[in-house]
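Working notes, structure below.
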Protein chains: 2
Amino acid sequence: MTLDGLPPHRGGAEELARLLARALLAGRWQPGAAFPRELDLCAHFDVSRNQVRNALASLTATGLIERTAGRGTVVREINDWHLLDPQMSEWMVGLTHPDPQLVREIFAFRYSAEPVVARLAAQAVETQDLERLESAFQGMTRTATDPEARSLHVEYDVAFHDAIYLASHNLVWRQMGHLLRPSIIALIQGSQAQVHQFQAGLEDSLDRHGQVLEAIRHRAPEAAESAAREVLRRTAIDLGIVTDSPLQSATASPADAEG
Amino acid sequence: MTLDGLPPHRGGAEELARLLARALLAGRWQPGAAFPRELDLCAHFDVSRNQVRNALASLTATGLIERTAGRGTVVREINDWHLLDPQMSEWMVGLTHPDPQLVREIFAFRYSAEPVVARLAAQAVETQDLERLESAFQGMTRTATDPEARSLHVEYDVAFHDAIYLASHNLVWRQMGHLLRPSIIALIQGSQAQVHQFQAGLEDSLDRHGQVLEAIRHRAPEAAESAAREVLRRTAIDLGIVTDSPLQSATASPADAEG
DNA sequence: GCTTGCTAAAATGTCAGACATTTAATAGGC
DNA sequence: GCCTATTAAATGTCTGACATTTTAGCAAGC
């Protein structure tokens, strides 16, 4: 596979890295396949070798590619990707055709993790966290009825979930807020077709979010945990993931992913 | 703070990055403080600017430092560290004096997450996963009685827990196996003093690990979840973390970390 | 025929020096 | 006193040459 069709780029090595990363995330190269050589990239994008090397260094750090002196650059398989790297999340945002498997896997993770995080949040929450949660929730409410403000609504949605992770007051958990962004964005893109249905579901979704907020406000761990689970059930529907126990369906049949 | 006392290094930029990272992890510089300039590092370690820049690029990617053209390099605070980056875990291994807060935070995470992962593992486990688990458990058993083989025992311990994460068959969860290594290593180092007590506790620990294995083998999610929790309770004791509800104590008092 | 070893090619890795850009401090003019 | 140019200091970038690692090919020798 060559570089044909990849758009030109303006700006530094970051832009180039983003470009290549998104091509990789979209599955443009098979795992194990050879990645273009440095000089070819220099020629194709008309940039210095320095920029190419910096960009490739980022891709290496996120586990997308593997480089060996003398042999060249090869594309790594999806199991080796550092999905928890914030950089990776940035690259995923706005991906026009995200890998459906990736969306499912990330959601399955959230479905199992987020209730626990909500429980922790209810135990550790402080004033500042509540302010964040309330602000985000109010933003969601305000932008719910206006179809024009959908992208803004998504931002508040991300902020709300991120606030839950932050409220856990754990150094590790709070880093995972990044994962929300691509996941929620994918949600919004997937449901572009059925807007009416979307509007109907929004009320339900909003209500469930509110219950999480209330549970955390009252420092009720059990309630927060189950309320968060309810939110994610709603999200599963919107994502088009099988409605009953999406967790099972997403994790119990990876036999073909063993290689 | 200068570079005085940092040992010389032989070998590439990776070694240099490791050296600097461990100094940062050990708290040699205060958050927000200025990090040495490129040319100073070149002079002190007698390496090319290229190597220094490559090393600093790694530190930037893991969120340890922040660089700005013209201003210089500053040390970031612990909240911004990418604790989930595999690179970071590598750097942490064998840290002689790990930050106690860090150990507590990582353990608090494991305490909340690992039971859920064990539950998933019991649902998604396959033959290959069971083989990994059994192999690791047998290794733990074999090396339990011999005080000489303690470091080997730790390796099997890490392998056992990693196998649980792998058995979840989720792309996100399975990446977190890295977090185990520094956590478990810290455990072994912390209990170096009371060896007798250690030997006594080992039997208990081993027994609890075995119950997790059995629960997963029988595909019993509930049992796996509570068995995993029991393992971590034992670990909490060995880590010297407060025995009752370590989760609370580790997360409910971060008021001083707010800045 | 098989192995061994040398050689050459191709790829990534490293170096050194000059130059560009960004930022902050400083001096001067009004 | 405020605004603006100048200067210094730091990181960022470019370029060309060279080093190192890996692979493949080919040839000599058993």
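Chain identifiers are assigned alphabetically (A, B, ...) following the order of the sequence lines, protein sequences preceding nucleic acid strands; residue numbering begins at 1 within each chain.
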Nearest-Å distance for atom pair CG/P, residues A:Asp46 and D:dC14: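 My rounded result for the distance is 11 Å.
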Salt bridge (charged side-chain N to carboxylate O under 4.0 Å, His left out) involving B:Glu131 - partner list, sequence neighbours excluded: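 Applying salt bridge (charged side-chain N to carboxylate O under 4.0 Å, His left out) to B:Glu131 gives none.
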Sequence neighbours left out, what passes salt bridge (charged side-chain N to carboxylate O under 4.0 Å, His left out) with B:Glu134? Give chain and number order.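 Partners of B:Glu134 by the salt bridge (charged side-chain N to carboxylate O under 4.0 Å, His left out) criterion, ordered by chain and then number, come out as B:Arg217.
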Does one side chain, of B:Arg67 or B:Thr60, offer a donor that lies under 3.5 Å from an acceptor on the other?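 Their side chains do not contain a donor-acceptor pair, so the 3.5 Å distance test is not met.
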Any side-chain heavy-atom pair from A:Ile106 and A:Met92 closer than 4.5 angstrom?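 Yes; the side chains approach each other to less than 4.5 Å.
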Summarise protein proximity over nucleotides 10-18 of chain C in one line of letters, 5' to 3': B for base, S for sugar-phosphate only, - for none, counting protein heavy atoms closer than 4.0 Å. -BBBBBS-B
Is any NZ, NE, NH1 or NH2 atom of the basic residue among A:Glu155 and A:Arg181 found under 4.0 Å from an Asp or Glu carboxylate oxygen of the other?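 Yes, charged N to carboxylate O under 4.0 Å.
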